[in-house]
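Below, all heavy atoms of this structure are taken into account, side chains as well, without hydrogens, waters or symmetry copies. None of these values were measured; they are calculated from a predicted model.
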Amino acid sequence: ILTVVTPIEDTPAYREGMKPGDQILEVEDKSTKDLSIVEVVRMLRGKPGSKVTITVRRKGEPKLLKVTITREIIRIKSVRSRMLRDNIGYVRVRSFQSTTTIEVRKAVEKLREKDVRGLVIDLRNNPGGLLSQAIGVSDLFLDPGKLIVYTKGRMDNQQSRYTSTESGGEYAFPLVILVNPASASASEIVAGAFQDLKRATIMGEKTFGKGSVQTIVPLTDGSGLRLTTALYYTPDGRRIQGKGIVPDVAVSAVADASKSRRFIREKDLPGHILSEDEVKGVKPGEPTLDAPRSRAPGVPKKDEKDIQLESAIDYLKKHLQAGKGGSTGA
């Protein structure tokens with residue numbers, strides 16, 4: 001069933017109230033059951049200003065929902081920022097696009113003009129994006145020559161290493177990085193590097209676990225074949241694929257952690273790349289609240305209390321009061 005992992009902020013679907021975990025059963029009364037994602041996307045797209053109606057099944061709702069979305073050309077600004085209390089800055093990275101590194105630098109410079117002392121980088125619900133931008137953003141905060149991520153595949157040409165540049169390390173603020181089960185791919189590369197290098201404290205919930213490298217092989221008829229050719233590893237050699245990043249400080253998105261929902265992660269999807277234990281025939285343990293299985297969380301809106309962000313602010317405040325240095329490694 002076609003399921004929403006997370007609606008991207010400030011898009012038509014987001015404004016119409018689409019939520020993580022929503023199942024799209026119909027588009028304009030046509031069932032999506034036997035359609036590919038490409039076919040559904042083609043049905044959803046259309047002339048800006050026109051409308052499309054989808055039928056949605058939402059957990060907890062007794063009836064199916066009809067959601068009418070007005071199409072528009074979607075231009076996503078990947079970074080937004082603001083100053084929080086106690087001279088702590090906030091930078092939210094929604095996805096890693098071609099201008100993300102530039103946007104992050106501009107955001108931090110504006111915060112530095114306001115005498116920022118510590119920084120929260122919010123990667124929650126960030127599905128990833130361009131590897132180059134994940135490397136670029138990491139480079140802003142890491143000392144030169146630090147390994148950020150490497151790939152390992154069966155062939156020699158699939159082995160790559162990415163390190164911070166000689167011009168890296170522009171910013172030495174204490175850092176907390178927020179993640180959740182919808183933080184994936186490039187987000188996990190950044191979080192894993194900062195965690196291994198003890199450059200930041202990772203806070204929130206275990207990430208999605210998407211750490212594979214795809215290579216497109218062009219075919220003679222104009223189509224292409226996409227192959228998974230390698231896997232991403234953190235500086236300390238931890239595999240991201242199927243495992244994700246476990247935060248240094250676990251903070252549930254809800255006040256009562258016992259009521260946390262179970263979320264779908266990469267390892268729960270059919271056809272996922274098997275872990276070493278699965279290859280050896282070792283059965284994984286029973287799923288726990290730390291290994292959720294249904295819907296991904298949303299980032300709280302302005303009128304909602306953001307428990308994870310508040311925890312990050314308090315953590316940085318205590319760190320600054322203790323008079324420690326630039327890093328907040330656990």
Visitor: Between L84 and L309, which heavy-atom pair has the shortest distance, and what is it?
Guide: CD1-CD1, 4.1 Å
Visitor: Ignoring hydrogens and geometry, is there a side-chain-to-backbone donor-acceptor pair from R71 to L44 under 3.5 Å?
Guide: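 Looks like yes, one N/O pair under 3.5 Å.
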Visitor: How long is the straight-line distance from CZ of F141 back to CZ of F173, given to the nearest 0.5 Å?
Guide: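 Here the interatomic distance stands at 7.5 Å.
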Visitor: State, to 0.1 Å, how close G89 and L111 come at their nearest heavy-atom pair, and which atoms those are.
Guide: CA-CD1, 4.0 Å
Visitor: Please check this pair: side chain of S164 against backbone of G145, looking for a donor-acceptor N/O pair closer than 3.5 Å.
Guide: yes
Visitor: Can a side-chain donor-acceptor contact be found between Q23 and R58 if the only test is distance below 3.5 angstrom?
Guide: no
Visitor: Within the 4.5 Å heavy-atom criterion, are L140 and R105 side-chain neighbours or not?
Guide: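 SC-SC contact between L140 and R105 confirmed.
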Visitor: Is the count of non-hydrogen atoms from other residues, nucleotides or ligands lying under 6.0 Å from D221 atom CG greater than 12?
Guide: yes
Visitor: Please check if any side-chain donor atom of T70 sits under 3.5 Å from a side-chain acceptor atom of E72, or the reverse.
Guide: no
Visitor: May I ask you to decide if T101's main-chain N or O and Q133's side chain share a donor-acceptor pair within less than 3.5 Å?
Guide: yes
Visitor: Within 45 degrees of the ring normal and closer than 6.0 Å to the centroid, is that where the cationic atom of R82 sits relative to Y90?
Guide: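 R82 over Y90 ring: yes.
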Visitor: How long is the span from the CZ atom in R85 to the NZ atom in K317, to the nearest 0.5 Å?
Guide: 6.5 Å
Visitor: Measure across R161 and Y150 and return the closest heavy-atom pair with its distance rounded to 0.1 Å.
Guide: CG-CB, 3.9 Å
Visitor: Looking at side-chain heavy atoms only, is the closest gap between V137 and T100 below 4.5 Å?
Guide: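 They are in contact (side-chain heavy atoms under 4.5 Å apart), so the answer is yes.
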Visitor: Looking at every heavy atom in both D248 and A200, which two are closest together, and how far apart are they?
Guide: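 Taking D248 first and A200 second, the nearest heavy atoms are OD2-O, 3.9 Å.
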Visitor: Indicate yes or no: at least one non-hydrogen side-chain atom of P20 is less than 4.5 angstrom from one of P7.
Guide: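 P20 vs P7: side chains touch.
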Visitor: Within the 4.5 Å heavy-atom criterion, are I189 and Y162 side-chain neighbours or not?
Guide: no
Visitor: When you look at CD1 of I37, are more than 12 heavy atoms from neighbouring residues, nucleotides or ligands closer to it than 6.0 Å?
Guide: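 No, because the 6.0 Å sphere around CD1 of I37 holds 12 heavy atoms or fewer from other groups.
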Visitor: Keeping the roles fixed (side chain from S138, backbone from A134), state whether a donor-acceptor pair exists under 3.5 Å.
Guide: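 Yes; judged by distance alone, with no hydrogens or angles, the pair exists.
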Visitor: Examine V249 and I313 and state if one hydrophobic cluster contains both, with Ile, Leu, Val, Met, Phe, Trp and Tyr joined whenever side-chain heavy atoms are less than 4.5 Å apart.
Guide: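 V249 and I313: one cluster.
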Visitor: Using side-chain contact (heavy atoms from CB on, under 4.5 Å), reason through I177 and V179 one step at a time and then give a plain yes or no.
Guide: CA-CA 7 Å; I177 294 180; V179 295; 4.1 Å; yes
Visitor: Are V93 and L130 connected, step by step, through hydrophobic side chains (Ile, Leu, Val, Met, Phe, Trp, Tyr) whose heavy atoms are closer than 4.5 Å?
Guide: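 As far as the 4.5 Å side-chain criterion goes, L130 and V93 are not connected within one cluster.
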Visitor: Taking V56 as the starting point, is it possible to reach L64 by hopping between hydrophobic residues whose side chains are less than 4.5 Å apart?
Guide: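 Cluster IDs for L64 and V56 differ.
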Visitor: I'd like to know if the side chain of S183 pairs up with that of T207 as donor and acceptor (distance under 3.5 Å, no hydrogens or angles considered).
Guide: no
Visitor: When you check the side-chain N and O atoms of S95 and N126, is any donor under 3.5 Å from an acceptor?
Guide: no
Visitor: Can you check side-chain contact (heavy atoms from CB on, under 4.5 Å) on V108 and L119, steps first, answer last?
Guide: CA-CA 9 Å; V108 176; L119 199 62; 4.1 Å; yes
Visitor: Given 3.5 Å as the limit, does a donor-acceptor pair link the side chain of Q159 with the main chain of G153, or not?
Guide: yes
Visitor: With side-chain contact (heavy atoms from CB on, under 4.5 Å) as the criterion, how do L320 and D86 come out once you've worked through the C-alpha distance, each side chain's angles and the decisive distance to 0.1 Å?
Guide: CA-CA 10 Å; L320 291 168; D86 300 307; over 6 Å; no
Visitor: Is the backbone N or O of Q241 less than 3.5 Å from a side-chain atom of E266, with the two atoms forming a donor-acceptor pair by type?
Guide: no
Visitor: Atom CG in L2, atom CG in L25: separation rounded to 0.5 Å?
Guide: 9.0 Å
Visitor: Can you list the steps and then say if E205 with Q308 is a side-chain contact (heavy atoms from CB on, under 4.5 Å)?
Guide: CA-CA 9 Å; E205 299 161 282; Q308 293 170 327; 2.9 Å; yes
Visitor: Quick one: are Q97 and E103 in side-chain contact, heavy atoms under 4.5 Å?
Guide: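 Not touching, per the 4.5 Å side-chain cut-off.
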Visitor: Tell me whether N87 contacts the main-chain N or O of V116 through its side chain, where contact means a donor paired with an acceptor under 3.5 Å.
Guide: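 No, because the side chain of N87 does not come within donor-acceptor range (under 3.5 Å) of the backbone of V116.
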Visitor: Looking at CD of Q195 and CZ of R199, how far apart are the two atoms once the value is rounded to the nearest 0.5 Å?
Guide: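 Here the rounded value is 14.5 Å.
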Visitor: Between D22 and T3, is there a side-chain heavy-atom distance shorter than 4.5 Å?
Guide: no
Visitor: Linking I/L/V/M/F/W/Y whenever their side-chain heavy atoms sit closer than 4.5 Å, directly or via other members, would I102 and V79 fall into one cluster?
Guide: no
Visitor: Quick check for you: to the nearest 0.5 Å, what is the distance between L227 atom CG and I216 atom CD1?
Guide: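 It is 8.0 Å, given to the nearest 0.5 Å.
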Visitor: For residues A186 and F96, report the shortest heavy-atom separation together with the two atoms involved.
Guide: CB-CD1, 3.6 Å
Visitor: In terms of side-chain heavy atoms, does D236 have a donor or acceptor partner in T234 at a distance below 3.5 Å?
Guide: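 No.
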Visitor: Looking at every non-hydrogen atom in both residues, tell me the closest pair between E109 and R112 and how far apart they are.
Guide: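 Here E109 and R112 meet closest at OE2-NH2, 2.9 Å.
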Visitor: Taking side chain as C-beta onward, heavy atoms only, is I54 less than 4.5 Å from M18?
Guide: yes
Visitor: Under 4.0 Å between a Lys/Arg side-chain N and an Asp/Glu carboxylate O for R124 and D306?
Guide: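 Salt bridge: yes.
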Visitor: Regarding T68 and K66, do their side chains bring together a donor and an acceptor under 3.5 Å, going by distance alone?
Guide: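 Side chains of T68 and K66: no pair found under 3.5 Å.
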Visitor: Consider side chain to side chain donor-acceptor pair (under 3.5 Å). Of D122, D10, N125, which one does R94 pass it with?
Guide: D10
Visitor: Do I121 and L175 come close enough that some side-chain heavy atom pair is under 4.5 Å?
Guide: yes
Visitor: At what distance, to the nearest 0.5 angstrom, does CE of M83 lie from NZ of K110?
Guide: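 So the CE of M83 and the NZ of K110 are separated by 12.5 Å.
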Visitor: Taking I307's backbone N and O only, do any of them form a donor-acceptor pair with S311's side chain (distance below 3.5 Å, no angle check)?
Guide: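 Side chain of S311 to backbone of I307, a donor-acceptor pair under 3.5 Å: yes, one is there.
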Visitor: Run S212 and K210 through side-chain hydrogen bond (donor to acceptor under 3.5 Å, both in side chains) and show every step you take.
Guide: CA-CA 6 Å; S212 58; K210 168 67 170 66; 3.3 Å; yes
Visitor: Using a distance-only test with no angle check, is there a side-chain donor-acceptor pair under 3.5 angstrom linking E26 and S31?
Guide: no
